[in-house]
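Remarks on the structure that follows.
Everything numeric here is computed off the predicted structure, so don't read it as measured data.
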Amino acid sequence: MKKSLLALAVLGAFAGAASAQSSVTVYGIVDLGFSSADSGANQNGRTNGISSGGQSASRIGFKGTEDLGNGLKANFQLESTIQADTGAAFGAPAATSAPAAGPNIGANNGAGGFNRFATVGLSGAFGAVNLGRQTSAIKDAYDQIDPFGDGGAIGAISNVFFNGALNGDYGRISNSVKYTSNSYAGFKANVAYGFGETAGSTSANSNYGLGLGYANGPLNVQFAYHNQDRSNAAFVQQAKNKLTF
């Protein structure tokens with residue numbers, strides 16, 4: 001009964017935010033450019049064309065906030081990738097060579113629709129709690145110091161430190177709950193957990209991570225830890241990544 005009441009409370013908060021038109025913001029990025037590439041992998045030679053997301057992923061998003069009183073707010077965010085060069089919307093992340101890894105391991109879950117963000121939550125003096133598909137704690141950390149926002153064809157920080165293992169949609173987790181504190185004199189912390197939703201196992205395909213940062217004036221120091229359990233019938237792998245700046 002308690003679980004049902006909590007779900008109803010969160011859904012009610014989402015409905016309230018969605019109905020308040022004045023609190024909803026539509027935003028996005030359209031990144032298009034001419035590209036000419038010859039990596040040597042294509043025996044037919046150079047490829048020329050118009051490409052989307054050369055520096056930042058093209059996207060469209062909707063977010064809103066509803067004031068519930070006494071400093072408490074209900075929030076939602078929906079954000080999707082757009083392939084601006086073809087006009088295709090709500091595109092799933094690009095296929096990778098990595099094995100399938102369960103329902104909440106970044107790009108491998110084949111998320112379409114609002115693949116970048118799909119969250120609802122509450123915020124106030126305690127910080128913020130959000131449920132749904134969202135960025136992991138470790139992505140929040142390196143996004144703080146990556147001037148290119150970990151996107152596009154430019155060498156992103158995740159490519160340098162993780163060989164691309166946590167870039168783009170790999171830095172997002174589905175079926176998750178994340179707590180983010182408010183900033184206290186520059187200090188900020190967050191913790192996230194992604195449920196694997198695997199019958200008979202609470203750990204299979206789950207994620208968890210935590211982050212702690214200090215950003216004040218010219219000083220920006222970030223620490224984060226993230227653990228991914230990649231388990232299914234054909235593939236079992238533990239991936240642990242630690243990042244310190």
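In this structure, the side chains of Asn48 and Phe34 come closer than 4.5 Å at one or more pairs of heavy atoms. Using a 4.5 Å cut-off on side-chain heavy atoms (C-beta onward), Asp85 and Leu32 make contact. Annotation: side chain of Val129 is in contact with side chain of Val177 (closest heavy-atom distance under 4.5 Å). Phe195 places none of its side-chain heavy atoms less than 4.5 Å from the side chain of Ser206. Side-chain contact between Arg172 and Arg133: present, with at least one pair of heavy atoms (C-beta onward) separated by less than 4.5 Å. Looking at Phe114 and Phe62, their side chains come closer than 4.5 Å, going by heavy atoms from C-beta outward. Side-chain atoms of Arg46 and Ser36, non-hydrogen and from C-beta on, do get closer than 4.5 Å to each other. Side-chain contact between Asn205 and Glu197 is absent, with no heavy-atom pair separated by less than 4.5 Å.
Atom CG of Asn70 has 12 or fewer heavy atoms from other residues, nucleotides or ligands within 6.0 Å.
Checking Ser58 against Gln83 by side-chain atom types alone, no donor-acceptor pair falls below 3.5 Å. Using modelled atom types and a 3.5 Å distance limit, the side chains of Asn75 and Thr65 yield a donor-acceptor pair. With no hydrogens or angles considered, a side-chain donor-acceptor pair links Tyr27 and Glu79 at under 3.5 Å.
Salt-bridge formation is detected for the pair Asp140/Lys178: a Lys NZ or Arg NE/NH1/NH2 atom is positioned less than 4.0 Å from an Asp or Glu carboxylate oxygen.
Scanning all heavy atoms of the two residues, the minimum distance from Ser176 to Gly132 falls at OG-O, 2.7 Å. Across all their heavy atoms, Gly194 and Ile173 have their closest contact at N-CD1, 4.3 Å.
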